[in-house]
Amino acid sequence: MPLPLARIVAGPATAPTLVLLHGITGSAVSQADAIDHWAGRGYRVVAADARGHGLSPRWTPAELARAGDVLVDDVIDLLEELAVPGGPWSAGDGVPAATRNGAASATSVNTAGSGRPVGSGSAGIGPVLIGHSMGAATAMVAAVRRPELVGGVVLLDPARYGTRTQQELRERGAARKRARAAELADLPGAVARALADPEIPDDEAVVGVWAGQRVDTSLLDTGVVAPPVPWEEAMAELKVPALLVTGDRPGSARVGPAGLDVLARLANPQVETALVPGAGHDVRRTRPEGFWAVVDPWVDRLLG
């Protein structure tokens, strides 16, 4: 039995659940601003460290041989934990949740007025997976494989398997290792740069540097950033409500306008899309006002 993923749990124990999945070299805590935002709106938020990230188990050689599928298996295991009635991580009385009372971001658009009433939501709907990049690709495939465990998915500029060669992916992994080593050589400088970056929330700057140092570099060596399923195939097969959000910043957004054209041709009725003007790969951080204005009403509509 594999060790479970480390996670942060915040918000009302009986509320509808959002499961946050970060990108490569991130962690649960490097999404602190998003955790506080959604917990402040009355949701229960479960933010997980992916395998080899944060405080989650490290990779074994056998797992690395099928790393993309293991990422999906880990999320399915987490969803199964959450689905066990009366279990330690299921919604309800006794859940070990650290309730956060932070108010919603001043830049968010709250279509539900002063936030959701605690405990409201559609009866019986499963958790909504909200993933960025690697986390979005993982959420997408997990929802395809086990739709009965998922209420919906929000895919934030997902990594697109099949759009880069294995050599390109390994080179990008090597570049991440070099960046990590450079940060380690000057941690005070890395923290100062993160704090000075206007596109990194203050409460994610220092922990983001920590997350980068906690990543298991054996995963970076593989170049894996997504499950081995072509992204168009997975998007076409989704049978749960899905919102894909991307930006149009050149050289940054992975899906972008061209990817949205692909999705329009697929015409999956479960999939809605949104383009946030000026946003880069991390839509939430680069254009927070546009991000919240798109995502919050969709989640509220699904779970409200």
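This structure is a prediction, so every number in the text was calculated from the model and none was measured.
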I need the minimum non-hydrogen distance between [X] and [Y], along with the two atoms involved.
| X | Y | result |
| --- | --- | --- |
| Gly68 | Val224 | N-CG1, 3.8 Å |
| Ala194 | Val209 | CB-CG2, 4.1 Å |
| Ala48 | Leu5 | CB-CD1, 4.3 Å |
| Pro127 | Leu82 | CG-CD1, 4.3 Å |
| Ser56 | Ala6 | OG-N, 2.9 Å |
| Asp221 | Arg170 | O-CG, 3.8 Å |

Any side-chain heavy atom of [X] within less than 4.5 Å of one from [Y]?
| X | Y | answer |
| --- | --- | --- |
| Pro228 | Asp69 | yes |
| His53 | Ile24 | yes |
| Leu275 | Val255 | no |
| Val153 | Met140 | no |
| Val70 | Trp59 | yes |
| Arg41 | Asp296 | yes |
| Leu302 | Trp298 | yes |
| Leu266 | Met235 | yes |

If you round to the nearest 0.5 Å, how far is [atom2] of [Y] from [atom1] of [X]?
| X | Y | atom1 | atom2 | result |
| --- | --- | --- | --- | --- |
| Leu244 | Leu260 | CG | CG | 6.5 Å |
| Ile125 | Thr17 | CD1 | OG1 | 11.0 Å |
| Glu148 | Lys239 | CD | NZ | 12.0 Å |
| His281 | Thr286 | NE2 | OG1 | 10.0 Å |
| His22 | Asp282 | NE2 | CG | 12.5 Å |
| Thr222 | Leu64 | OG1 | CG | 6.5 Å |

CG (Asp202) with more than 12 external heavy atoms under 6.0 Å: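 Incorrect, the count does not exceed 12.
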Between [X] and [Y] (side chain of the first, backbone of the second, donor and acceptor by atom type, cut-off under 3.5 Å), is there such a pair?
| X | Y | answer |
| --- | --- | --- |
| Asp157 | Ala253 | no |
| Glu63 | Thr60 | yes |
| Asp248 | Pro277 | no |

Ring geometry between Trp292 and Trp38 (parallel below 30°, tilted from 30 to 60°, perpendicular above 60°):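 Perpendicular, since the angle between the ring planes exceeds 60°.
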Are [X] and [Y] grouped together when hydrophobic residues (ILVMFWY) are joined by side-chain heavy atoms under 4.5 angstrom apart?
| X | Y | value |
| --- | --- | --- |
| Val283 | Met134 | no |
| Val19 | Val150 | yes |
| Val262 | Tyr161 | no |
| Leu263 | Val144 | yes |
| Leu303 | Leu156 | yes |

In terms of side-chain geometry, is the basic nitrogen of [X] or [Y] positioned less than 4.0 Å from the acidic oxygen of its partner?
| X | Y | value |
| --- | --- | --- |
| Arg214 | Asp49 | no |
| Glu289 | Arg287 | no |
| Asp216 | Arg51 | no |

Derivation and outcome, side chain to side chain contact (heavy atoms under 4.5 Å, CB included), residues Val225 and Arg254: CA-CA 13 Å; Val225 292; Arg254 303 293 192 268; over 6 Å; no
Criterion side chain to side chain contact (heavy atoms under 4.5 Å, CB included) on Gln213 and Leu184, from CA distance to verdict: CA-CA 7 Å; Gln213 294 302 313; Leu184 182 60; 3.5 Å; yes
Single hit among Ile130, Leu129, Val46, Ile35 for side chain to side chain contact (heavy atoms under 4.5 Å, CB included) with Leu18: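 Output: one option passes, namely Ile130.
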Passing option when Leu243 is tested against Val299, Val294, Thr273 for side chain to side chain contact (heavy atoms under 4.5 Å, CB included):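 One option only clears the test, and that one is Val294.
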The single option from Arg284, Arg193, Arg285, Arg249 passing salt bridge (Lys or Arg N to Asp or Glu O under 4.0 Å) against Glu199: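 Of Arg284, Arg193, Arg285, Arg249, salt bridge (Lys or Arg N to Asp or Glu O under 4.0 Å) with Glu199 is met by Arg249 alone.
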Verdict with supporting geometry, Trp210 and Val29, side chain to side chain contact (heavy atoms under 4.5 Å, CB included): CA-CA 9 Å; Trp210 173 86; Val29 74; 3.9 Å; yes
Check against side chain to side chain contact (heavy atoms under 4.5 Å, CB included), Glu237 and Val229: CA-CA 11 Å; Glu237 292 181 2; Val229 179; 5.9 Å; no
